[in-house]
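The residues of the chain are indexed from 1 along the displayed sequence. Here the structure is a predicted model, which is why all the values come from computation and not from measurement.
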Amino acid sequence: MISKLELENKYKSDFPILQQKVNGKDLVYLDNAATTQKPQAVIDAVNDYNKNINANPHRGAHILSVRATEAYTQAREKVKNFINAEFSQEIIFTRNTTESINLLAYSLGELLDEGDEIVLSIMEHHSNIIPWQQLAKRKNLKLKYLYPDQDYRIPFAELKEKITKRTKIFSISQMSNVTGVINPVKEMAEYAHQQGAYVVIDGAQGAPHIKTDVQAIDADFYAFSAHKMLGPMGIGVLYGKKALLEKIPPFLTGGGMIEYVHEQSSTFAPLPEKFEAGTPNAEGAVGLAAAIDYLENIGLAEIEKHERELTEYALEKMRKLDYIELAGPDNLKDRGGIISFNLKGIHSHDLASISDTEGIALRSGHHCAQPLMKYLNLNSTGRISFYFYNSKEEIDKFLESLQKAREVFGYGS
């Protein structure tokens, strides 16, 4: 069993970037929903690949290419086990969650006809809205949204009203990057499947924090990014059920994804190469594999428990401050380590700038979720988001920085 002290102190020392000072203050990094930091183990894995292995996977018979192919294949197998996919061919490497969903909006979209419906939630990140908007425009489809209740959660009645036999695609985030709400994606997928819809899960905020089993969820597709779970930028994952990936056409075409090319026609390689055109980000895949090893050494259940404790601690203190307006559920049921808020009379961008002078890194703005912000009647919010290397002491420093911001704007001590 990993102790709370180890989570808060021991693991932080594994992250070189977190040892620095900002404006003479110890860095307190609370922007993990945007990008997490990398432990030395991930940095070393990428460096080792570049120093000793670097070559094109699947492109040559020489020893470096063979080693690169082995490393790339092992990374795919690691991801397969991490989310409990049935086959390694169901793991497609992309650049990020955004590219994964764009791939689906193009390739899965080819199965849709004019008048078909796509259902999303209003809480989606732009990456899970705009690709579907573009598909709807191209094929004259109807786009519908699920809306949350006063507790920021989507009532099941919304699903029953919006998802019908006309619904062909239902795409939903596993966890909101604004409110931290964790959607009951397994139950949602079951209902959507009963109506005959394909189910897409945006796991960008889920995979790094929640032990995810794509077979248990029965997701048709599941997407996430390495950089939100200790890995490098520029590498993401699209899981898809094998039969569906074989059914839909490729997104990008060119080298690496072909079987035979003739002057007027081509045939495509089997999965997963069918969806991986061009030279792959092999070093990114190696870094993702190392990140998975690191996370599994701690345990996703232990990470989730620690983040829950931090969220509870922060919310309890923030609720006592009458100058803070919270945007998210009051309780911790199905809630991740993300807290959006505003200080009365202070814009979130001003707050973020002042907090930075205190060494506090937090987020401000609309968080790539403008439809949700408009629905909540908000222009922007500040946002703090936790990972296992954060501590209650850092939350206390963050709260002190809020008081500093108030003093700068003349609200007194």
Side-chain angles (χ1 to χ4, degrees), residues 8 12 17-18 20-35 37 123 125 148-153 176-181 205 307-332 335-387 389-413:
E8 292 188 350
K12 187 173 181 178
I17 198 170
L18 298 179
Q20 66 181 287
K21 292 185 180 295
V22 175
N23 296 314
K25 308 289 179 61
D26 290 338
L27 172 62
V28 174
Y29 186 77
L30 298 176
D31 193 19
N32 295 287
T35 291
Q37 299 302 339
M123 67 175 62
H125 188 282
D149 57 20
Q150 292 183 338
D151 194 36
Y152 300 89
R153 306 177 194 281
S176 168
N177 73 314
V178 175
T179 65
V181 165
Q205 300 297 337
E307 291 173 2
R308 174 176 286 268
E309 290 177 359
L310 293 182
T311 305
E312 183 177 27
Y313 180 80
L315 285 174
E316 182 180 355
K317 295 217 165 191
M318 293 172 78
R319 287 194 194 103
K320 294 177 181 177
L321 303 175
D322 60 7
Y323 52 81
I324 291 182
E325 299 171 327
L326 293 167
D330 288 330
N331 59 66
L332 290 177
R335 195 192 205 285
I338 295 173
I339 301 175
S340 292
F341 67 97
N342 275 317
L343 295 193
K344 294 178 181 179
I346 302 176
H347 195 281
S348 65
H349 293 333
D350 293 323
L351 170 63
S353 295
I354 295 168
S355 295
D356 184 62
T357 66
E358 299 297 304
I360 313 293
L362 56 84
R363 199 69 163 187
S364 62
H366 54 65
H367 316 301
C368 295
Q370 286 179 309
L372 175 61
M373 302 296 278
K374 183 177 181 180
Y375 179 75
L376 297 176
N377 197 29
L378 294 168
N379 291 320
S380 71
T381 67
R383 184 186 71 186
I384 55 174
S385 48
F386 308 123
Y387 217 13
Y389 44 63
N390 292 126
S391 66
K392 292 179 180 178
E393 179 186 9
E394 291 181 327
I395 292 173
D396 290 337
K397 290 181 180 179
F398 153 72
L399 294 171
E400 291 171 5
S401 76
L402 301 185
Q403 188 56 46
K404 171 69 178 297
R406 283 172 50 79
E407 292 173 5
V408 170
F409 276 83
Y411 289 104
S413 59

Check: Stepwise, does the side chain to side chain contact (heavy atoms under 4.5 Å, CB included) test hold for Lys397 with Ile360?
Finding: CA-CA 8 Å; Lys397 290 181 180 179; Ile360 313 293; 4.1 Å; yes
Taking C-beta and beyond as the side chain, do [X] and [Y] meet within less than 4.5 Å on heavy atoms?
X      : Y      : answer
Asp396 : Lys317 : yes
Arg308 : Leu332 : yes
Leu362 : Val28  : no
Tyr313 : Leu310 : no
Arg406 : Ile346 : yes

For the residue pair [X] and [Y], what are the closest heavy atoms and their distance?
X      : Y      : answer
Gly337 : Thr311 : CA-OG1, 3.2 Å
Glu316 : Lys320 : O-CG, 3.4 Å
Glu394 : Leu27  : OE2-O, 4.1 Å

Residue [X] excluded, over 12 heavy atoms near [atom1] under 6.0 Å:
X      : atom1 : value
Asn377 : CG    : no
Arg363 : CZ    : no
Gln20  : CD    : yes

Indicate yes or no for a side-chain donor-acceptor contact from [X] to the backbone of [Y] under 3.5 Å, with no hydrogens or angles considered.
X      : Y      : value
Ser176 : Val178 : yes
Tyr375 : Pro148 : yes
Thr357 : Ile354 : yes
Asn23  : Asp356 : yes
Asp151 : Arg153 : no

Notebook entry, point to check: Which is it for Thr35 and Tyr29 under the side chain to side chain contact (heavy atoms under 4.5 Å, CB included) test, yes or no, and what are the steps along the way?
Noted result: CA-CA 10 Å; Thr35 291; Tyr29 186 77; 4.1 Å; yes
Next item on the list: Please step through salt bridge (Lys or Arg N to Asp or Glu O under 4.0 Å) for the pair Asp322 and Lys344, ending with a clear verdict.
Entry: CA-CA 9 Å; Asp322 60 7; Lys344 294 178 181 179; over 6 Å; no
Distance, nearest 0.5 Å, that separates [atom1] of [X] from [atom2] of [Y]:
X      : Y      : atom1 : atom2 : answer
Leu321 : Leu343 : CG    : CG    : 9.0 Å
Met318 : Leu402 : CE    : CG    : 6.5 Å
Glu358 : Glu400 : CD    : CD    : 8.5 Å
His347 : Asp350 : NE2   : CG    : 7.0 Å
Leu326 : Tyr152 : CG    : OH    : 8.0 Å
His367 : Ile338 : NE2   : CD1   : 9.5 Å

Check: When you look at Arg335 and Glu312, which way does the salt bridge (Lys or Arg N to Asp or Glu O under 4.0 Å) test go after all the steps?
Finding: CA-CA 10 Å; Arg335 195 192 205 285; Glu312 183 177 27; over 6 Å; no
When you check the side-chain N and O atoms of [X] and [Y], is any donor under 3.5 Å from an acceptor?
X      : Y      : value
Ser380 : Ser348 : yes
Tyr323 : Asn342 : no
Tyr389 : Asn32  : yes
Ser364 : His349 : yes

Notebook entry, point to check: Hey, what's the ring geometry for Phe398 with Phe341, parallel, tilted or perpendicular (30° and 60° as the breaks)?
Noted result: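 Judged by the thresholds at 30° and 60°, the geometry between Phe398 and Phe341 is perpendicular.
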Next item on the list: Begin with the C-alpha distance, continue with both residues' side-chain angles, and end with the deciding distance and a verdict on side chain to side chain contact (heavy atoms under 4.5 Å, CB included) for Asn390 and Glu307.
Entry: CA-CA 8 Å; Asn390 292 126; Glu307 291 173 2; over 6 Å; no
Note to self: Going by the rule ring pair (Phe, Tyr, Trp, His ring centres under 6.0 Å), which residues pair with His125 if we only count those two or more places apart in sequence or in a different chain?
What the structure shows: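 Partners of His125 by the ring pair (Phe, Tyr, Trp, His ring centres under 6.0 Å) criterion come out as none, since no residue qualifies.
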